[in-house]
Undergrad: 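Take this structure first; my questions come after.
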Amino acid sequence: MKRYAYYLSCINESMTKEVDRSLELWQKDLGIELVKLHEGTCCGGSNLDYVSPKHFALVNARNIALAEKMGLDLIVSCNTCLMTIRSAKKKLDETPALKKEVNELLKREGLEYHGTTEVRHLLWVLTDDVGLDVISKKVKVPLNNYRIAPFYGCHILRPSSVLGHDNPRDPSSLDQLVEALGGKTIPYKHKNRCCGFHTLLVAEQESLNVAAEALQEAIEAKADFIVTPCPLCHTSLDGYQSKALKQAGIERSIPVYHISEMVGLALGYSAKELGIKRHIVS
Amino acid sequence: MTVPTDQHKEPKQDVTFRIFRFNPQVDSKSYFDDYTIPVERGITVLRSLNYIKEHFDASISFRAFCQAGICGSCGMRINGLSQLACTTQVWDVLAKSREPGIIKVEPLRNLPLVKDLIVDMDPLVDKMRHYSNWIDSTMPEAGMGKKEFLISEEEFLRYDKATDCILCASCVSECSILRANKEYVSPAVLLKSYRMNVDSRDAIHGQRLAELVKDHGVWDCTHCYRCQEACVKSIPIMDAIHGIREDAIESRGMKDTSGSKHAEAFMSDIEKKGKLVEATLPIRTNGVVWTLRNLLPMAVKMIMKRRTPPPPPLVKSAKGIKVFREMFREMTEHVKQDHKSHKK
């Protein structure tokens, strides 16, 4: 059983609870244990970094230091949390004075940021650590009846100087996971595009246009569902779907799954157990 | 043993250039023309286009000048990605081509099409004018030319990378928000605005910033990083966009616009609970009226699916919040000190 520190994303604790619920169901089936980091705090959601770069560094140095204390890699299941925490790590590792300043404060809690722990996405753990062969062997209900649109989202790909796992122009890890589960991916131009989430409250019309384009391509390609490694993309594409498609004048709809649910389905868990019934679009 | 030859020969490969064509004077809709030519390693897309124009079809239109990645004229989409034709190697593109042996060449997106691979740059230039993308000097007219206007190295480093921009519009072509609304300021203009606004010789910082925080301005960027990823000069464009936001919050306060209020919510929630209080985020960003008008139907659906974020009192604080809060507040003191010494 390989152990990891598991970062609790704010959105997975509130709107997309099904992500962590489904992970709890099957993590042991794939030989991994995700130890929840209850002391962890909000990463700043790609906003704190410009509101106050120093608080941003402190908060995320602490998040990483908590995992370092446990001697475990930090696993994240939200793209934006991933990008944000990795950006902070890069900044801390490149700026010794900042690291020192932050560590002075972290002493109060008996913590120290070293920069030794890796910050990785759940998707990468599945493809690289568990391995696609092992996942294939564990599949009980192959997804071979489904045509699946893999929507990667931005912050698992860009900026590549911070992420660097997939080729941002032509990513493949999610496609590979779908195939390991017996599913078939459709050619999907929007796979590496944006969902519009981060401006839903600030530039709503533009964000809905962005989401509608991604939904429209998957609908027109007759995909059975979209799958995404990011709960924020899920919220934009599922939660705001009817609004986005209405604005674009499209009458059909398409379900959107989290990767944790897609894996769960293939491992034999029911849609109800996995929390799929909680989605807005069924 | 290899026999030395007088001529070094590079291997050649037949490559099909699938070129976007549209002449608004004669065509009712766009189409693609295929041209297959033998290409050696080391040849750029621009040289190939010149060859095709010279030997096959003189009517193909594209812009190009310096052939060295300096003038920024030959921005176009090559196999879907906005880049300069003159610095893009045919063989490199071919290696990653989805359709073997084929390179698709299309005009930049998000700007009006003039003909074939040429887009109209005027909307971009108009925006640069609108956002005053130049230095309005603090030096009185009478003093100009009489003494040097020096800046510190530290200051220069803040916009050194931004000055590398050659206005090729690759970032403009890749922008997610511009694709959704052509009124949006666009990444290249934000980059230039940042560059001017951090220059101590500039006198119109406040005026420029006031324009940048309005609708279709800096707060509409959705952080997709497509601009930065496409930049042919590897400029960290998002750092510039974040730089303008940081400046806006510092000089105009956190209650200035919905964008700054939204950002501020993260800061205050993290300080209070260590967690984001999502339930009230729309109200804190846009007020009660907007929230009711825009989100009520969705909220009803979410309630039915038990998907609503918990109300503020039910958002559990992160474990160990007390000590965390002390550290957070002490950092606030550090930041205050930094600002004081910066102003000195």
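Computation of the quantities below employed the complete heavy-atom set of this structure, encompassing side-chain atoms and omitting hydrogens, waters and symmetry-equivalent molecules. So you know, we letter chains A, B, ... as the sequences are listed, proteins then strands, and number each from 1.
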Undergrad: Salt bridge check, A:K191 against A:D175: does any charged N sit closer than 4.0 Å to a carboxylate O?
TA: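 Between A:K191 and A:D175 there is a salt bridge, with a charged N closer than 4.0 Å to a carboxylate O.
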Undergrad: Counting only non-hydrogen atoms closer than 4.5 Å, does B:M267 touch chain A with its backbone (N, CA, C, O), its side chain (CB onward), both, or neither?
TA: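 When you check distances to chain A, atoms from both the backbone and side chain of B:M267 fall under 4.5 Å.
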Undergrad: Given that the side chain runs from C-beta out, which part of A:N79 has a heavy atom under 4.5 Å from chain B: side chain, backbone, both or neither?
TA: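 For A:N79, neither part sits under 4.5 Å from chain B.
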Undergrad: Would you indicate whether the side-chain heavy atoms of A:H155 and A:C81 approach each other to under 4.5 Å?
TA: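 No, their side chains stay 4.5 Å or more apart.
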Undergrad: Highest number of heavy-atom pairs under 4.5 Å with chain B: which of A:L58, A:T80, A:T16?
TA: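 The answer is A:L58.
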Undergrad: For B:K316 and B:K275, indicate whether the former's side chain and the latter's backbone hold a donor-acceptor pair under 3.5 Å.
TA: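 No; judged by distance alone, with no hydrogens or angles, the pair does not exist.
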Undergrad: Determine whether a donor-acceptor pair (N or O, by modelled atom type, separation under 3.5 Å) exists between the side chain of A:S14 and the backbone of A:C10.
TA: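 Side chain of A:S14 to backbone of A:C10: a pair is present.
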Undergrad: At a heavy-atom separation under 4.5 Å, does B:T285 approach chain A through its side chain, its backbone, both, or neither?
TA: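 Answer is side chain: those atoms of B:T285 sit under 4.5 Å from chain A.
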Undergrad: For chain A, which residues from residues 321-332 of chain B lie under 4.5 Å away (heavy-atom distances)?
TA: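 Only B:V323, B:F324, B:E326, B:M327, B:F328, B:E330, B:M331, B:T332 of residues 321-332 of chain B have a heavy atom under 4.5 Å from chain A.
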Undergrad: Taking side chain as everything from C-beta outward and backbone as N, CA, C, O, which of these in A:P168 sits under 4.5 Å from a heavy atom of chain B? Side chain, backbone, both or neither.
TA: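 For A:P168, the contact with chain B is made by the side chain alone.
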Undergrad: Does a salt bridge link B:D239 with B:K161, judged by any charged N lying under 4.0 Å from a carboxylate O?
TA: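 Salt bridge flag = no for B:K161 with B:D239.
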Undergrad: Quick one, A:E206 and A:V210 - any side-chain contact, counting heavy atoms below 4.5 Å?
TA: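 No. Closest side-chain heavy atoms not under 4.5 Å.
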Undergrad: Given that the side chain runs from C-beta out, which part of B:L276 has a heavy atom under 4.5 Å from chain A: side chain, backbone, both or neither?
TA: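 Backbone plus side chain of B:L276, per the 4.5 Å heavy-atom cut-off to chain A.
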Undergrad: Count the heavy-atom pairs under 4.5 Å between each of A:E101, A:Q205, A:E104, A:K277 and chain B, then report the option with the highest count.
TA: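 Top count of heavy-atom pairs under 4.5 Å with chain B: A:E101.
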Undergrad: Please tell me whether B:E183 and B:H216 have a donor and an acceptor in their side chains that are separated by less than 3.5 angstrom.
TA: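 Looking only at side-chain atoms, B:H216 and B:E183 do not form any donor-acceptor pair under 3.5 Å.
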Undergrad: Mark yes or no for whether A:N60, through its side chain, and A:F56, through its backbone, hold a donor-acceptor pair below 3.5 Å.
TA: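 The answer is yes, because a donor-acceptor pair under 3.5 Å joins these two groups.
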Undergrad: Any non-hydrogen side-chain atom of B:I244 less than 4.5 Å from a side-chain atom of B:S193?
TA: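 Heavy-atom side-chain distance check passes, below 4.5 Å.
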Undergrad: So if I apply the salt bridge (Lys or Arg N to Asp or Glu O under 4.0 Å) rule between B:E174 and each of B:R179, B:R226, B:R109, B:R77, which one comes out positive?
TA: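 In the set B:R179, B:R226, B:R109, B:R77, the residue that makes a salt bridge (Lys or Arg N to Asp or Glu O under 4.0 Å) with B:E174 is B:R226.
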Undergrad: Non-hydrogen atoms of chain A under 4.5 Å away: do they reach the side chain of B:Q228, the backbone, both or neither?
TA: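 For B:Q228, the contact with chain A is made by the side chain alone.
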Undergrad: Looking at A:L48, A:I11, A:L8, which one has more heavy-atom pairs under 4.5 Å with chain B than the rest?
TA: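 Top option by heavy-atom pairs under 4.5 Å: A:I11.
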Undergrad: Using heavy-atom distances under 4.5 Å, tell me whether B:H262 contacts chain A through its side chain, its backbone, both, or neither.
TA: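 Answer is side chain: those atoms of B:H262 sit under 4.5 Å from chain A.
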Undergrad: Would you mind checking which part of B:M302 comes under 4.5 Å of any heavy atom in chain A, side chain (CB onward), backbone (N, CA, C, O), both or neither?
TA: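 Both backbone and side chain.
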Undergrad: Chain A heavy atoms under 4.5 Å from B:N286: which part of the residue, side chain, backbone, both or neither?
TA: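 Interface part for B:N286: side chain.
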Undergrad: Side chain, backbone, both or neither: which part of A:L106 has a non-hydrogen atom closer than 4.5 Å to chain B?
TA: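 Contact with chain B: backbone and side chain both.
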Undergrad: Is the shortest heavy-atom distance from the side chain of B:V213 to the side chain of B:D256 under 4.5 Å?
TA: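 SC-SC contact between B:V213 and B:D256 confirmed.
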Undergrad: Mind ranking B:R307, B:K305, B:K319, B:H334 by heavy-atom pairs under 4.5 Å with chain A and telling me who comes out on top?
TA: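 Option with the greatest count: B:R307.
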Undergrad: Out of A:P53, A:S242, A:S160, A:C195, return the one with the most heavy atom pairs under 4.5 angstrom to chain B.
TA: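 That would be A:S160.
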Undergrad: Which one wins on heavy-atom pair count under 4.5 Å against chain B: A:K54, A:H198, A:E204, A:R193?
TA: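 Top option by heavy-atom pairs under 4.5 Å: A:R193.
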Undergrad: Are side-chain heavy atoms of A:C78 and A:L232 found at a separation under 4.5 Å?
TA: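 They are in side-chain contact.
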Undergrad: Quick one: of B:K301, B:E271, B:M298, who has the most non-hydrogen atom pairs under 4.5 Å with chain A?
TA: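 Most pairs with chain A among the choices: B:M298.
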Undergrad: Could you look at B:I241 and say if it's the side chain, the backbone, both or neither that has a heavy atom under 4.5 Å from chain A?
TA: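 Contact with chain A involves no heavy atom of B:I241 at all.
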Undergrad: Near B:K182 NZ, under 6.0 Å, is it more than 12 heavy atoms from other residues, nucleotides or ligands?
TA: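 Check passes, neighbour count above 12.
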Undergrad: Taking only Lys NZ, Arg NE, NH1 and NH2, and the carboxylate oxygens of Asp or Glu, determine whether A:R278 and A:E18 approach each other closer than 4.0 Å.
TA: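 Yes, this pair counts.
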Undergrad: Using heavy-atom distances under 4.5 Å, tell me whether B:D215 contacts chain A through its side chain, its backbone, both, or neither.
TA: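 Neither the backbone nor the side chain of B:D215 comes within 4.5 Å of chain A.
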Undergrad: Between B:F32 and B:F20, does the ring centroid distance fall short of 6.0 Å?
TA: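 Yes.
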Undergrad: Between the side chains of A:R86 and A:D93, is the shortest nitrogen-to-carboxylate-oxygen separation below 4.0 Å, so that they form an ion pair?
TA: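 Looking at A:R86 together with A:D93, the answer is no, because their closest N to O distance does not fall below 4.0 Å.
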Undergrad: Top residue by heavy-atom pair count (under 4.5 Å) with chain B, among A:L37, A:V102, A:N47?
TA: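 The residue among A:L37, A:V102, A:N47 with the greatest pair count is A:N47.
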